[in-house]
Each structure stands twice: as structure tokens, then as C-alpha cells.
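What follows is one structure encoded as C-alpha cells, with my remarks underneath.
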There are 2 protein chains.
Amino acid sequence: MTGSEHVTADVFAALASPVRRELTALLLSGPRSVNDLASHFEMSRPSVSEHLRVLRDAGLVSEERSGRRRLYRLEAEPLMEVSRWLSPYERFWRDRLAGLRELLNEDGDDHEH
Amino acid sequence: MTGSEHVTADVFAALASPVRRELTALLLSGPRSVNDLASHFEMSRPSVSEHLRVLRDAGLVSEERSGRRRLYRLEAEPLMEVSRWLSPYERFWRDRLAGLRELLNEDGDDHEH
DNA sequence: ACAATAGGTAGGAGATCTCCTACGTGTCAA
DNA sequence: TTGACACGTAGGAGATCTCCTACCTATTGT
């Protein structure tokens with residue numbers, strides 16, 4: 001049992017591509033159609049479609065059909081999982097920073113005038 | 001300028017592999033040697049070395065030579081960058097949850113007895 | 001000095017990723 | 001209905017990833 005690894009698995013893989021991170025960033029401002037999204041990239045529209053499929057498979061976006069267009073919408077859950085995955089590491093670097101501050105305080109004591 | 005994309009770039013790619021996420025998890029408890037790390041995997045030690053190289057290139061770990069061993073240590077900075085990358089999305093899902101709560105409250109009003 | 005230990009590197013096989021162009025499907029407007 | 005539009009899918013070329021087995025170097029203990 002790898003615990004949280006199961007769910008987080010392909011979310012990280014999906015976010016590994018700069019194009020897909022840019023897509024999620026574009027969707028922060030609200031749902032958008034494929035052509036709208038594709039217009040922000042140099043690459044062909046079908047390629048953007050494929051990136052959207054990867055994001056969809058990871059649960060990061062959902063699609064809603066509206067006439068002949070499809071609106072892609074950002075989904076929060078997988079991102080919350082990334083946040084949860086990150087939390088032990090947050091504790092880790094907080095401890096590091098705390099240790100650093102302590103060290104600086106000792107140094108400050110030495111140099112008090 | 002893609003802003004935060006620059007630094008975050010290969011960090012996400014490095015974390016895309018389950019093996020490498022497992023490696024960083026192992027390093028949470030402190031620095032470890034390569035053999036120590038490799039013993040937790042089915043795969044060959046050279047392959048683990050390669051994964052460590054990817055993590056090192058992303059700045060996620062550093063190596064310290066100690067005799068004939070090399071201790072790998074988790075580095076906080078790249079993880080903090082992931083956290084910073086995540087923060088606009090945190091705002092996004094907080095808004096979503098707030099909207100959901102509001103909806104539930106309205107629903108509660110309808111059902112008051 | 002020599003064998004054993006710790007670990008990186010080379011080279012390659014096979015899988016996967018990323019992009020393309022062509023083409024198919026559903027929907028709207030005239 | 002017919003053409004234009006919005007989008008997905010197929011198939012394939014080339015790059016990259018992931019793992020392996022050699023093999024090499026540096027360090028330690030005897």
C-alpha cells in the first residue's frame with residue numbers, strides 16, 4: 001500500500017508538462033473552449049486536445065458540452081491532493097527554517113554590543 | 001516571461017515519477033546513502049542512481065560525500081516553489097468551497113421547519 | 001598492496017511522450 | 001440540406017524515459 005500515491009500518481013505526471021500547467025493556469029479565470037485555449041499556443045489544436053485529455057484523465061479538468069463547443073473547467077480535488085501530498089514537506093522546511101533562525105539568534109548573541 | 005514557470009519547470013517533471021516521489025519521502029527522515037535508498041526498491045542500484053541524478057538536477061536533493069559513501073539530503077527550496085505555484089489554485093478551490101457552502105445554506109433556508 | 005565496498009557512467013532495448021497531418025462526427029446557420 | 005465550424009481520433013515520426021547489464025573510479029580495511 002503506497003497510501004496517497006494511488007490518487008496523486010498521474011496528477012503529477014499531468015502537471016509535468018509546461019503546456020498542461022499553462023492550460024490549468026488559463027482555466028483559473030473560468031471555463032474555456034478548446035479553440036480559446038488553443039489560441040494561446042503555437043501548437044496545433046489537436047495537440048492541445050490531447051493535452052486536455054491527459055488533464056481530464058487525471059481529473060484536473062472536466063468537460064461540459066455546450067452546443068458544438070466543449071467547455072473545459074478546472075477541478076479542485078486533484079490540486080487539493082497535491083497540497084496534501086506537500087504537507088509533510090511543508091513541516092520539513094518549517095523545521096529547517098526554525099533551525100536556521102535559532103542558529104542566527106545564537107550568532108546574534110555573540111555579536112551583541 | 002513565463003514567470004514562475006522557469007524554476008518550477010523540471011521540479012514537476014522530477015516529481016512525476018512515483019519512484020522519485022518515494023525517494024523524496026524516504027529522505028524526509030534525514031540524509032541517506034544510495035545503497036540505503038536502493039534497498040527500498042526492486043530495481044537495480046544504478047537505476048536508483050539515475051533517479052537521484054534527476055532529483056539533483058531539479059535541486060530537490062543535494063549530495064554530500066562522506067568517505068566512500070554519498071549522503072543524499074532533501075532540499076526545501078524546490079518544494080517551496082511547488083507550494084507557491086499551488087497558491088493561486090488554493091484560492092481557486094477556497095472560492096469554490098465558499099460557493100458550495102453558500103448554496104448549502106440557501107438549501108438549508110428552504111428546508112427550515 | 002589487494003580485495004571488498006560504494007557508487008557513478010556507458011550503451012542499448014523497449015516503452016512512452018509529444019507533436020504533426022489527415023480524417024470522422026456532431027452542431028449550427030442559411 | 002449543405003456548408004462551415006468545433007472538436008475528437010487515428011496513425012506515425014522522432015524524441016525522451018526507464019530500466020537493464022557491464023564496467024570504471026575512489027575509498028576503506030587487512
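Basis for what follows: all heavy atoms, side chains included, without hydrogens, waters or symmetry-related copies. Order of the sequence lines sets the chain letters (A, B, ...), proteins ahead of strands, with each chain counted from 1.
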Practice problem: Consider the side chain of B/E50, meaning its heavy atoms from C-beta on, and name the nucleotide among C/dG8, C/dG11, D/dG8 that approaches it most closely. | Solution: C/dG11
Quiz item: So what does A/R20 touch, heavy atoms closer than 4.0 Å: a base, only the sugar-phosphate, or nothing?
Solution: sugar-phosphate
Quiz prompt | Out of C/dT9, C/dG8, D/dT21, whichever nucleotide has its closest atom nearest the side chain of B/R53 | solution = C/dT9
Practice problem: Go through D/dA6, D/dA22, C/dC20 for me and flag the one nearest to the A/R68 side chain. | Solution: D/dA6
Self-check item: A/N35 vs D/dC5: side-chain N/O to OP1/OP2 distance below 4.0 Å
Solution: no
Quiz item: Between A/G67 and A/S47, which is nearer to the 5' end of DNA chain C once each is assigned its nearest nucleotide?
Solution: A/S47
Quiz item: Can you tell which of C/dC19, D/dG8, C/dT9 lies closest to the side chain of A/V19?
Solution: C/dC19
Self-check item: Residue B/S44, side-chain heavy atoms: nucleotide from D/dT9, C/dG8, D/dT21 that is nearest
Solution: D/dT21
Practice problem: Could you work out which one of C/dT18, C/dC20, C/dA22 sits closest to the side chain of A/S17? | Solution: C/dT18
Exercise. Look at all strands and tell whether A/Y72 reaches a base, only sugar-phosphate, or nothing, counting heavy atoms closer than 4.0 Å.
Key: sugar-phosphate
Practice problem: Look at the side chain of B/H51 and decide which nucleotide, out of C/dG26, D/dC19, C/dC20, has an atom nearest to it. | Solution: D/dC19
Quiz item: So which nucleotide from C/dG8, D/dC7, C/dT21 ends up closest to the side chain of A/V34?
Solution: D/dC7
